[in-house]
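Some notes on the structure that comes next.
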Amino acid sequence: MTELLKISLPDGTVREMERGSSPADVAAAIGPGLAKAALAARVNGEVRDLGRPFDGDAELALITARDEADALELARHDFAHVLAEAVQALYPGTQITFGPATDDGFYYDVMAPASRDPFSSEDLPAIEEQMRAIIKADKPLRREAWPRQKLIDKWEADGEAFKAEWAKELPENEELTVYWSGDDWLDMCRGPHLPSTGKLDPQAFKLLRVAGAYWRGDQSNAQLTRIYGTGWLNKKQLKQHLHNLEEAAKRDHRKLGREMDLFHLQEEAHGSVFWHPKGYRIWRELEAYMRRKMDKADYREIKTPQLMDVRQWEQSGHWGKYAENMFAVPDMVPEVSEDEGNAAPTVAADADWMAIKPMNCPAHVIVFKQGITSYRDLPIRLGEMGCCHRNEPHGALHGLMRVRQFTQDDAHIFCTEAQVVEEVRAFCELANSVYQDFGFTYHVKLALRPEKRFGSESDWDKAEQELRDAVAEAGMANEEYGWEELPGEGAFYAPKLEWHLTDAIGRTWQVGTIQGDRVLPDRLDATYVGEDGARHRPVMLHRAIFGSYERFIGILIEHYAGRLPVWLAPVQAVVAPIVSDIDGYAQEVEAKLKASGIRVTSDLRNEKINYKVREHSLAKVPHLLVVGKREAEEGSVAIRTLGEKEQQVMSLDDAVAMLTLAATPPDLRSNLDTDAA
RNA sequence: GCCGCGGUAGCUCAGUGGUAGAGCGCGUCAUUGGUAAUGACGAGGCCGAGAGUUCAAUUCUCUCUCGUGGCACCA
């Protein structure tokens, strides 16, 4: 007589099942509805195939479409397999590699057969159709354990060089799992999978694009074709996602930057921004805001040279590591060719080289080193709106988000070891207050020592622990703040805390950082005199909150979809007279608002009010002040606020007061409130 | 830097082996109209750069360049 297995269910009941039975049998025993709805199973916490027999007594939770996160992950993984199967069915000789689920779908990396060109987006409709056929065929997905060698032999026999390479590197003597799709196709995979392809909704996925991707993510390897798709549980979810993509495209900062006349980019200075008056107004407001914040937090602002001798960068270690991404300039008068038409200058062989700064740190150390610093002077916080240049790989450039010239809201805090935790904690609060002012939520992450690094292990131990402690003291080392440690992600000289903002449509952006550096003070020989009269090394904290003005403005444009808060809006109000008889009054209104510091213009053009309303609404001007005969007689204005349906008619004085309040930057607002109280 | 796709009027884009088109925008004129496009007329292009094929290239080929979707990189 065989012993029965005890299977505990989430509701507390225990079912006895025969040995060899699987979650699918439990589902069937409970009822046909559940048997049909079940997609996979959580067995002792691990997601497994529905049909995989229990190993012994177990806690079981059946996964259905209502367990959305698990179900999506499974479906996307299966979509990836179906994609690979479809591609091989259509184009025999295609090599498959691997294809995981992503945040919104899946991809699979494949190598097209030598007989044809790499896949292009034109191939996608045919592949989609083939995928639907596979889903419709409802092929069972069956798990099987194979000896490693058998699998290697199979891949080699099939000409699957990538799969064979991969299998060879998996641990020897270990059984590998494969998944059959029906009886005619299989892929090596850890699983788990849905019971059959028919569990996928053929209307819930869409192939989006193809792209190049390196085998195993390494630039020196073969380049594969990555086919991207988005995959969901049902058609409604897919539609919603495609809609969200469209909405995201509408708020693209490059598009809005042009439409709102904020900035432009052009070939002659690729990767550097031409700021137009309206865009630079945003910059100036942000800069003024950040200066107030930093002044208040006892930072002292400095300005350091754009060009420094290359030897300085050799000493800091940057030249050795990043020379190819730095701009170097010969320190000489260029020899101009006799030929007037040919302006190419020649560089003398013995020219000294200067480099344009890619970062501000070494210059800040140089400022710190002037004179003799006592421990009594620490901490010293040196801030700079530092304009830096980095020669980024061309493929990396992207609008304002990744540029070759950028300005950081940079600062370096020089302090004693004993002061580090408190300084970092205070920074956490400062960063928090800034991000809140822009309506961002954020996650804090700690990037730990990378493989290639300078400095001793004990220093790294200390530096990492200090950052941990500081975040804990700030009360942010918890789930609410998405606290997480990222092994290997730190900079070569220091671990870093990273602030990842979540914007209005849920995307995340890494902006802020603080890094506890003991390497650079050492390399550049920074010291202070301690209580004991001896020289000591300060710890140097590198920190930024916006990151760079360019990128932060790009993020703000997308976050607000161009509808910037009044204090940042380049034009805060437009006065629009209805008939030209009222132009005089309109100008009076404009003058009064201007006198109160409001950024306002009058639109006196010979156009209908409808036209003006439309135009300024599209230009995302927060307040439109319409004035006609009525308003001119009453000394009032009709205010139309962007995004609101109803207009408000109020006296000119009230309008000035209202707009002045609306235009007050968030950090100055609390003062107003206190004054009023 | 690598793979794919692009570059035509200020913007969005159509088109062609015989040197070009639309809409919006811009200018002029008429119109003075109460909350998302008043009408008419007009100006505006070395069709990204260079080379090749051709009687002829914006169109076909190659190289370069910039942009773009990814990859890799991001001090």
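Letters A, B, ... mirror the listed sequences (proteins, then strands); counts begin at 1.
Dashed line: the shortest gap from a side-chain N or O of Arg216(A) to OP1 or OP2 of C71(B) is not under 4.0 Å. Side-chain nitrogen and oxygen atoms of His398(A) include at least one within less than 4.0 Å of the OP1 or OP2 phosphate oxygen of G69(B). Checking the phosphate oxygens (OP1, OP2) of A75(B), a side-chain nitrogen or oxygen of Lys496(A) falls inside 4.0 Å. Within the 4.0 Å cut-off from OP1 or OP2 of U68(B), at least one side-chain nitrogen or oxygen of Arg254(A) is found.
Summary of the strand contacts: Pro577(A) and Ser121(A) both lie near RNA chain B, and taking for each the nucleotide with the nearest heavy atom, the more 5' one is attributed to Ser121(A).
Listed nucleotides G33(B), A36(B), A72(B) differ in distance to Val613(A); the shortest reach to its side chain belongs to A36(B).
Atom CG of Leu624(A) is separated from atom P of A36(B) by 11 Å (rounded to the nearest Å). A75(B) atom P lies 18 Å from atom CG of Leu524(A), rounded to whole Å. Rounded to whole angstrom, the span from the CG atom of Asn325(A) across to the C1' atom of C73(B) amounts to 8 Å. For the pair Arg614(A) CZ and U38(B) C1', the interatomic distance rounds to 14 Å; values are reported in whole Å. Straight-line distance from the NE2 atom of His253(A) to the C1' atom of G67(B): 13 Å, rounded to whole Å. A straight line from CG of Asp583(A) to C1' of G33(B) spans 13 Å, rounded to a whole angstrom. One can place CG of Leu265(A) at 18 Å from P of G10(B), the figure rounded to the nearest angstrom. Following rounding to the nearest Å, Lys452(A) (NZ) and A75(B) (P) show an atom-to-atom distance of 14 Å.
A centroid separation of 6.0 Å or more is found between the aromatic rings of Phe546(A) and Trp499(A). For an aromatic pair to be called close, the ring centres must be under 6.0 Å apart, and Tyr442(A) with His500(A) fails this. When ring centroids are compared, His270(A) and His394(A) come within the 6.0 Å threshold.
Contacts of Leu224(A) with the nucleic acid, taken as non-hydrogen atoms under 4.0 Å apart, are absent.
Between Phe119(A) and Tyr91(A), some side-chain heavy-atom pair lies under the 4.5 Å cut-off.
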In a table with atom names and distances, give each donor-acceptor pair under 3.5 Å that connects a side chain of residues 447-454 of chain A to protein atoms at least two apart or in another chain.
unit_1: Arg449(A); atom_1: NE; unit_2: Glu464(A); atom_2: OE2; d: 2.9
unit_1: Arg449(A); atom_1: NH1; unit_2: Glu457(A); atom_2: OE1; d: 3.0
unit_1: Arg449(A); atom_1: NH1; unit_2: Asp461(A); atom_2: OD1; d: 3.2
unit_1: Arg449(A); atom_1: NH2; unit_2: Asp461(A); atom_2: OD1; d: 2.6
unit_1: Arg449(A); atom_1: NH2; unit_2: Glu464(A); atom_2: OE1; d: 2.9
unit_1: Arg453(A); atom_1: NE; unit_2: Glu457(A); atom_2: OE2; d: 3.2
unit_1: Arg453(A); atom_1: NH1; unit_2: Pro450(A); atom_2: O; d: 2.6
unit_1: Arg453(A); atom_1: NH2; unit_2: Glu457(A); atom_2: OE1; d: 3.2
unit_1: Arg453(A); atom_1: NH2; unit_2: Glu457(A); atom_2: OE2; d: 3.0

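Interface remark: the Gln223(A) side chain does form a donor-acceptor pair with the C2(B) base, using a distance-only criterion of under 3.5 Å. Judged by atom type and distance alone, Arg640(A) reaches the base of A36(B) through a side-chain donor-acceptor pair under 3.5 Å. Under 3.5 Å, the side chain of Tyr214(A) and the base of G70(B) form no donor-acceptor pair of N or O atoms. Side-chain to base pairing of Arg402(A) with C73(B): one donor and one acceptor N or O lie within less than 3.5 Å of each other.
G42(B) and G25(B): their C1' atoms are spaced 14 Å apart (whole Å).
For residues 97-117 of chain A, the ring-ring contact (aromatic ring centres under 6.0 Å, His included) pairs, not counting sequence neighbours, are Phe79(A)-Phe106(A), Phe98(A)-Trp166(A), Tyr107(A)-Tyr228(A).
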Every protein N/O lying under 3.5 Å from an N/O of nucleotides 39-44 of chain B:
none

Identify all pairs in which a protein N or O lies below 3.5 Å from an N or O of nucleotides 23-29 of chain B, and state each distance.
none

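Trp353(A) does not carry Arg311(A) over the face of its six-membered ring by the limits of under 6.0 Å from the centre and within 45° of the normal.
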Dot-bracket pairing map - RNA chain B, Watson-Crick plus G-U, both contacts under 3.5 Å, | cross-strand: (((((((..((((....[..)))).(((((.......))))).....(((((..]....))))))))))))....

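Counted by atom type alone, Asn325(A) and Asn391(A) present zero donor-acceptor pairs between their side chains at under 3.5 Å.
Less than 4.0 Å separates RNA chain B from at least one heavy atom of each of the following residues of residues 266-280 of chain A: Glu267(A), His270(A).
By the 4.0 Å N-to-carboxylate-O rule, Glu259(A) lies too far from Arg254(A) to be salt-bridged with it.
Counting non-hydrogen atoms of neighbouring residues, nucleotides and ligands closer than 6.0 angstrom, the NZ atom of Lys206(A) reaches no more than 12 such neighbours.
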